[in-house]
Amino acid sequence: MTQLLDKTLEKIHEDTAVREDKTARENKGAAYEDKGVAREPSSDELSLDEPSPDALLDENKLLGRKVKRLERELEKERTLLSRYRSNNEAKKQFSEIVLAERSRLELQMNLLLQNSRDFILFFDAQHRLILCTDSLLEALGVPGIGLLKGKNFKDIFNGLVPDEVIAAVEDFGDFEADKHLEAGKTTDQATGKTTGKTTGKAANKTINKTTGEPGESSGNNRGESHKTFERQFTTDLKGSGEARDYSLEVSVMRDSEGVRQGWLFFFYDNTDFVQAKCEAEQANAAKSEFLAKISHDIRSPMNAVIGLAQMLSATGLDTHQRELLTKIQTSSDGLLALINDLLDLSKIEAGKLEVIDDYFDFKDFLSELSSVFEVLLKQKELALHTHFAADIPEIVYTDAKRLQQILTNLVNNAYKYTPSGWVDFSVSRTRDGLVRLEVCDTGIGIREDELNKLFTAFEQLDIKRNRDITGTGLGLAITKQLVELMGGSIEVQSVYGEGSTFSVVLPLKEGARADLPHDSGTYREFTAPDARILIVDDVAVNTEIAEFMLEPFEVQVETAADGQQALDMVQREHFDLILMDHMMPVMDGVEATKLIRELDGPNSKVAIIAMTANAVSGVVEMFLAAGFDGYISKPMDAALLSMVLYEHLPKNLIHE
């Protein structure tokens, strides 16, 4: 086009020059005539149809306008040509960038396929293998992917993977529906593109990737690209004679329009993980067994210490002796609390910590707890400030024992780390109706960089500064777990050197007085002089303590040193209740209880209460399954013992 315009302009310029020359000659002739000079007419002037000078001038003007128009068009064409060349250059550069990026991605993909130790497979939309990792080829003993390319999952893994896994994969892939879809596709004659027209129900058939059941689909679902199929199985995939544990994941690959383009398969060899998990479970079982044994071995002598201290307190002591006894009891309580913390931590780790909710008087609970805290804080001359909002609920439904444990841990923490000043204990409602419990102190505070360690088990902060403060670091770790188990949250704010504030927010359900249980669980006062009770324990001091605790009830007591002696005595004599120790030589309490239940006669129905220092998770269920009627832990609590006696002794023997 540009060349044509150039030639046209050149021709116009030539014609214009000829005409201008001719006009000049004519004007020259006219000048001669004006001067009276005769001249010879030119050959051009001899032509009869020659246009006049005015006509030639008009024609020149017309040609000039035409030239200018053509020049503008020529400039426009040159501009377009320049743009076209620029676009071509940009396209070329872009193509080079795309090719470089594609080469980089292909290189990375090849490195992935060559170096991944997991088995990764890519299948197209028709379930034909496109690519796979070299590790799979090596495992299958295949020299190159060409031998597997184009095969489907079943063709490759038939006989290597369990049949049910192959069937499940085909179910997930909905292979039959895909065949119908392929058969129903048509080609657009104008564009040559394949369209997705289908016939029959296969067009709407899909598989619910969550349930694995057939479902109905109304079109492409981009969300399905996130659905995966997972299976775990054991097989000798490599043919090495050693079965290994595998995990298979299959996911759909879709393009930006949501159209399925293929399938991505991942094989993970979980053998080492499964083995490590098994070893961890065995270690956890060993730990639980160790805790059960250490619990029994420590709580048994603790039962003796606490029981003997109770017996000693009932005798005539002078002031100095009573002070010493008080210190023994305080130390015993501290050691028992540590044992209980260790057991609670074990239960939390096993996910078996028990939370037993019930209705109780919340205001009375707080008042009694405050009295205990006040006595504790007086030992360091710390003041206790209490603030209980008027709108807090009077009756609540939660685990009172665990709530007391949470608050006691927080106040004990404030007590340990507050050398002087005060501790503030407040309870209020949040805007959304929850209950907030706060313990604020004027203690040493916590460094900001150590706040994240605060609720970690066995972690004590600022050890150099706090080297004289005793503690295992279990209290706050257990507190956080308990709060979260009860559906709440805990936060801490602290200024190093000034003090700390711990805030617990709990969703305490509010109740009414009519919801309170009739049996408050307090000490029951009664006597049963005609009741015969058998105490079975291999430790003489434990037997002595049990006899001492039974004295207020005026019952008749017999003793046995092991399960075999107890079995012999039950076959000869009648008893109304048996307090049976768990772990004993010759015959333990579980075996003795089983044999007693197999006896003929009324003694096989006697109430048997497990009396044990084993307080690990699941022990209650174990005792009930073994034929025991109840359970009481060592060290024995007088109030709990009274409740057990009141519940299991024949009612006609009880005198209130």
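By the 30° and 60° cut-offs, the orientation of the rings of Y359 relative to Y397 is tilted. Ring pair F266/Y268 is parallel by interplanar angle, where below 30° counts as parallel and above 60° as perpendicular. Aromatic ring orientation, F425 versus F388: perpendicular (interplanar angle above 60°, classes split at 30° and 60°).
Using a cutoff of 4.0 Å between basic side-chain nitrogens and carboxylate oxygens, R513 and E394 are scored as salt-bridged. Salt-bridge annotation for E368 and K363: absent, with no side-chain N of the basic residue lying under 4.0 Å from a carboxylate O of the acidic one. Between D629 and R597, at least one side-chain nitrogen of the basic residue sits less than 4.0 Å from a carboxylate oxygen of the acidic one, meeting the salt-bridge criterion. In summary, E484 and K480 engage in a salt bridge, as defined by a charged side-chain N under 4.0 Å from a carboxylate O.
Under a cut-off of 6.0 angstrom, the local environment of CZ in F548 is crowded, with over 12 non-hydrogen atoms contributed by other residues, nucleotides or ligands. Crowding of E598 atom CD: a count of heavy atoms from other residues, nucleotides or ligands under 6.0 Å exceeding 12. Environment of CD in Q379: crowded, with over 12 heavy atoms of neighbouring residues, nucleotides or ligands closer than 6.0 Å. With a 6.0 Å radius and a threshold of 12 heavy atoms from other residues, nucleotides or ligands, K277 has its NZ atom at or below the threshold.
Distance CG/L377 to CG/D441: 10.0 Å, rounded to 0.5 Å. Taken to the nearest 0.5 Å, the CD atom of E510 stands 5.0 Å off from the CZ atom of R429. Distance NE2/H648 to CD1/I609: 4.0 Å, rounded to 0.5 Å. To the nearest 0.5 Å, atoms CG (L550) and CD (E547) are separated by 8.0 Å. With values rounded to the nearest 0.5 angstrom, S428 atom OG is found 6.5 Å from E438 atom CD. For the atom pair CD1 of I654 and CZ of F553, the computed distance is 10.0 Å after rounding to the nearest 0.5 Å.
Among residues two or more places apart in sequence or in another chain, the side-chain hydrogen bond (donor to acceptor under 3.5 Å, both in side chains) test is passed with N603 by H574. In this structure D537 satisfies the side-chain hydrogen bond (donor to acceptor under 3.5 Å, both in side chains) test together with K634, sequence neighbours excluded.
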* **Worked verdict on V427 versus F362 for side chain to side chain contact (heavy atoms under 4.5 Å, CB included)** => CA-CA 11 Å; V427 182; F362 188 45; 4.0 Å; yes
* To do: With side chain to side chain contact (heavy atoms under 4.5 Å, CB included) as the test, would you mind laying out the steps for L384 and T386 before giving the verdict?
  => CA-CA 6 Å; L384 175 68; T386 57; 4.0 Å; yes
* Go through the steps to decide whether L403 and F360 satisfy the test side chain to side chain contact (heavy atoms under 4.5 Å, CB included), and finish with yes or no. => CA-CA 12 Å; L403 182 57; F360 64 92; 4.2 Å; yes
* Asked: Is there a side chain to side chain contact (heavy atoms under 4.5 Å, CB included) between H387 and D424 once you walk through the steps?
  -> CA-CA 8 Å; H387 308 277; D424 187 284; 2.8 Å; yes
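Taking the ring axis of Y415 as reference, the NZ or CZ atom of K380 stays within 45° of it and closer than 6.0 Å to the ring centre.
Residue pairs satisfying the salt bridge (charged side-chain N to carboxylate O under 4.0 Å, His left out) criterion with at least one member in residues 646-656, sequence neighbours excluded, are listed as follows: R524-E656.
Looking at T501 and Q493, their side chains never bring a donor and an acceptor atom within 3.5 Å of each other.
Y417 places none of its side-chain heavy atoms less than 4.5 Å from the side chain of I446. Looking at heavy atoms from C-beta onward, D581 lies out of side-chain contact with I535 at the 4.5 angstrom threshold. At least one side-chain heavy atom of P419 sits under 4.5 Å from a side-chain heavy atom of I444. Looking only at side-chain heavy atoms (C-beta outward), S367 and F365 stay at 4.5 Å or farther from each other. You'll find the side chain of D576 stays beyond 4.5 Å of the side chain of V606, heavy atoms only. Side-chain contact between H582 and V590 is present, with heavy atoms from C-beta onward closer than 4.5 Å.
In terms of modelled atom types and a separation under 3.5 Å, the side chain of S500 and the main chain of S494 share no donor-acceptor contact. D588 contributes no side-chain N or O that, together with a main-chain N or O of M583, makes up a donor-acceptor pair within less than 3.5 Å. Panel note: side chain D515, backbone G511; no donor-acceptor pair is recorded below 3.5 Å. Distance alone, capped at 3.5 Å, places no donor-acceptor pair between the R447 side chain and the Y496 backbone. No side-chain donor-acceptor contact under 3.5 Å links N270 to the backbone of F273.
Contact record, T442 with S420: OG1-O, 3.0 Å, taken as the closest heavy-atom pair. Nearest approach of A592 to M580, heavy atoms of both residues: CB-CE, 4.0 Å. Taking each heavy atom of A639 and S642 in turn, the nearest pair found is O-OG, 2.6 Å. Shortest non-hydrogen contact noted between A528 and L649 is CB-CD1, 4.1 Å. Here the closest heavy-atom approach between residue L641 and residue M549 is recorded as CD2-CB, 3.8 Å. Here the closest heavy-atom approach between residue L369 and residue L407 is recorded as CD2-CD1, 3.6 Å.
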